[in-house]
Protein chains: 2
Amino acid sequence: MGVNDMNNPRVKVLGGGQLGRMLIQESSRYNQSISVLDPSPNAPAAHLAQPFVQGDFNDYETVLNFCQDADVVTIEIEHVNIEALKALEQQGKKVFPQTSVLEIIKDKGLQKQFYLDHHIPTSPFILCDGNLEEHVDFFPCMQKSRTGGYDGKGVYPIKSKEDLNNAFSGPCVLEKWVAFEKEIAVIVARNEQGQISVFPSVEMEFNEEANLVAFLFSPAQISKELEQRAESIAMDVAEKLGIVGLLAVEMFVTSNGEILVNEVAPRPHNSGHHTIECCYTSQYEQHLRAILNWPLGSTHLIQPAVMINLLGEKGCKGRAHYLGMEYALNIPGVYVHLYGKEQTSPFRKMGHITVLNESLERAKSIAQSLTERVKVVSVDNSN
Amino acid sequence: MGVNDMNNPRVKVLGGGQLGRMLIQESSRYNQSISVLDPSPNAPAAHLAQPFVQGDFNDYETVLNFCQDADVVTIEIEHVNIEALKALEQQGKKVFPQTSVLEIIKDKGLQKQFYLDHHIPTSPFILCDGNLEEHVDFFPCMQKSRTGGYDGKGVYPIKSKEDLNNAFSGPCVLEKWVAFEKEIAVIVARNEQGQISVFPSVEMEFNEEANLVAFLFSPAQISKELEQRAESIAMDVAEKLGIVGLLAVEMFVTSNGEILVNEVAPRPHNSGHHTIECCYTSQYEQHLRAILNWPLGSTHLIQPAVMINLLGEKGCKGRAHYLGMEYALNIPGVYVHLYGKEQTSPFRKMGHITVLNESLERAKSIAQSLTERVKVVSVDNSN
C-alpha cells in the first residue's frame, strides 16, 4: 500500500455520519474510494460512499462481513462492535485506531485511569458503581456515564446533594469540578511508522443548553507557552496510547495556568471541521494519511477561522429548511457545509459554517452575525 | 430554486471528465447532487455523479431524455448536441451557458467575428474555406479548425509556405501570428440576474510539444494597469455574450502592452483548477452559484499558487502508476488531484497539482521540483 501506487487501497469505515461524509469528501481528490457501514440508508455519508453498505456496526457478524476485503478498517464513531474489530486484528487486518486504544477511550473510567497511570495531567476522579451518596465530600463534580455518552449525553453536573435526584444511575465516573478559564482542543495525528503531527490549538465556546460547541476559534487565544504545553500534552497522550490515526484531545485551561486533559476522541472531531479550509491539510485528509501510512501533511494555519455548528432550531422537528443562506453566501470567506440530513430536530447537528478571515476578530463578528441569521427550521415552521 | 431552500435543484451536466468531477466535488458540501451524462462508464465523474447516466452527449434523443427532469442543464465540454439543448430551451428549461453563446464559441470563426463586431481586441484573422495558398500574404499565422478542436488539437502554426504540406484541410480560421510576451487568462462568472465577478488573472506557460499548459501562475506577474485592463476586457466579453455561468478568457499580452483575446471557453477551465485551494470560492463552486442564480462568491486570493498538469509520460500507455507521490505529499501546501483515469497515454491529463505558498517564487521552485519527480507512467514502464 505504497503512496506511489495510489492504487486505491480498500478503506472501510464503521459509521456514516457527517465525520464519515467529510472523510470521503476530503479523500476524493486522491481518487480514494471509501466504503461505509451504517444502519441508516439516509446517513450523511451514504450517497458518497463507494460502496455504501446498510447494516449495524454494533453487530459482530455484520462488521466482520463488511470488513472481510478491507485493506484498512477505521471508524467515525466509537460505539461499534469491538469484538469484531479484535477478530479482524487477529486475522492480521489493519484496524486504526487499534482496539486496544478504543477499549480505553470508550470507557471514561478506564480513560481517566490511563491518564493517572501515565502521568497525564487530568482532574481528580472517582470510579463509582452508582452509589453517589457516599461521595458527597467530592461534590461539586461532573457525573459521566462510563460508556455510551456523546455530544453532551451521559453527562450531568452535580453541584450539591440537591442535584442527586436528577443524577443517573449505573457505573459512572465522578470528575472533580474544574473552574476552567478556557476549553481548548488539539488534534494529533500519528501514522504507523510513528510520525506525529499536531494541528494548531483551538478554543471552544459551548452552547450550555445543548452542551455542544457553539463557537470554535482557531487559533486559541492563549499564550505561546500554554500553546506549546497543550501541544506537547496532546502528543504525549497519542504516543502513550500508541494510536494510529487521529486523536482529538480536549483540555481545560485553569485560572492558574494549569492544563488538564478532559477527554479524547480517537477519530476526526467536531473541533477540527475548520481545518478543511484553514489548514494546508484537513483533519480528514490527515486521518487518511495516518491510517494509510502516508507522510503526514502540513498543519500550517493559512488564515484564522471561526467555526459554528448549524444546530436544528429549538421547537422545530421535520423536513429541514435553511434560513439566511443568501446572507451567508454573500460574505467573503464563509464556507457552508450541509450534512444532507433531511430531517431536523432540536440541537441536531445539521451542518457547520467556517469563517476565514485575516483577522480572527473580524471572523468572530461575522460568525456572530451568522448565528443570528442562519437557522435550520422545519418546513412547517419556516414562515 | 431559492438559495434558502438548498432543496437540491436537479442539476444535469453533459460530460463527465475531470471538470465535471471537480464540479461535483466542489458542490458536495452544499449537499448538491449532480447528474452526469457521458459515454464512458469509467469517466472521471462517473462514480461521483448522482446519478451517472451512460450515453452519448452528441445524440439528440439521449440528451433530451437525460435532461427531461432537470432544473438546470449545464456542460463541461462544448462538443455536445446543441439542437437538443435548443429544444430544451424552447421547453422553458434553464440551459447555462445558453445555446446562443455555445453556437458562437463552438465555431472559432464565429467567435473571432463576434470579437470584431463587438470591438473586443483580438488579432486579425481570415475565415478560409480550405484554400490556404491564396493567403500567403497573411503568413505567419495560426491555422485553427473552426469546430472540434481542443487541448491543442485542430491547431497548426503556418510560418511560411513550406508548412502548407502539413496543414489540415477543411474550413478554418487563420489568425495572424501574435508575438506575445505572456499568455494570461481571466475567468469571469455571471449569474442570471447579471451579477458579475472575475478571478485574479493567471499566467500560463505551455508545454510546446503537447500544446498544453505546463505551469500556471496565480496571480499573473503583470502590472496593476494591465491586470485591470485584462479583467475589464474579460467582463466585457461575458456581458456582450450575455453568458450565464463561467467564461474563461485566454489573452495574449504583447510586447507593446496590448491585450488581445485569444479564445474563450464557456465552462470551468484548466486555468482555474488552482482556485479550489487558493481563492475563497473555487471556479467550480462559482459556476454552480452562477447557474443556480445564487450570489456569486468572493474570488479573493488567499495565497499565491502554481498549478501543474499531471500529464501521461511520453512513451507510456496502459494502467497508470504514479511516481514521486511520497515526495509531493511531504511538501507543505502541495495538493495532489488525481482524476481517477485508470489508463494513461502520452500527454493525457491524468491529474494536476496545486502548490500554495506565501511567496509565488517559492511556489514556482517547488512546482519545478515536482515536475522533475512526479510522473505518470504505465505499470509496465514503472521500473
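What you see is a predicted model, and the numbers here were worked out from it, not measured in a lab. A, B, ... follow the sequence lines: proteins, then strands. Residue 1 opens every chain.
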Distance (rounded to the nearest 0.5 Å) between [X] [atom1] and [Y] [atom2]:
X	Y	atom1	atom2	result
B:Lys375	B:Leu370	NZ	CG	11.0 Å
A:Lys349	A:Asn270	NZ	CG	4.0 Å
B:Leu216	B:Ile308	CG	CD1	11.0 Å
A:Arg319	A:Ser378	CZ	OG	11.0 Å
B:Leu338	B:Ile353	CG	CD1	8.0 Å

Problem - chain A-proximal positions within residues 356-365 of chain B [heavy-atom distance under 4.5 Å] - result: B:Leu356, B:Asn357, B:Glu358
Taking all non-hydrogen atoms of both residues into account, name the closest pair between [X] and [Y] and its distance.
X	Y	answer
B:Pro295	B:Asn191	CA-ND2, 4.4 Å
B:Lys94	B:Asp71	CB-O, 3.8 Å
B:Ile366	B:Ser369	O-OG, 2.8 Å
B:Ser201	B:Glu227	OG-CG, 3.6 Å
B:Val336	B:Ala328	CG2-CB, 4.1 Å
B:Gly15	B:Val36	O-CG1, 3.6 Å

Completion exercise
Applying a strict 4.5 Å limit to non-hydrogen atoms, the region of B:Leu296 in contact with chain A is backbone
Problem - Part of B:His300 lying under 4.5 Å from any heavy atom of chain A - result: side chain
Practice task
Identify which of A:Ser28, A:Ser33, A:Ser298 forms the greatest number of heavy-atom pairs closer than 4.5 Å to chain B.
Solution key: A:Ser28
Exercise for the section: Could you tell me which of A:Met22, A:His337, A:Glu277 has the largest number of non-hydrogen atom pairs under 4.5 Å with chain B? Expected result: A:His337
Fill in the blank from the handout: Looking only at B:Asn330, B:Ile276, B:Ile331, B:Thr299, the option with the highest number of non-hydrogen pairs under 4.5 Å against chain A is B:Asn330
Practice task
Decide whether A:Tyr339 and A:His352 meet the rule of one side-chain donor and one side-chain acceptor closer than 3.5 Å.
Solution key: yes
Practice task
Give me the contact list for residues 279-289 of chain A versus chain B, heavy atoms only, anything under 4.5 Å, ordered by residue number.
Solution key: A:Cys279, A:Tyr280, A:Arg289
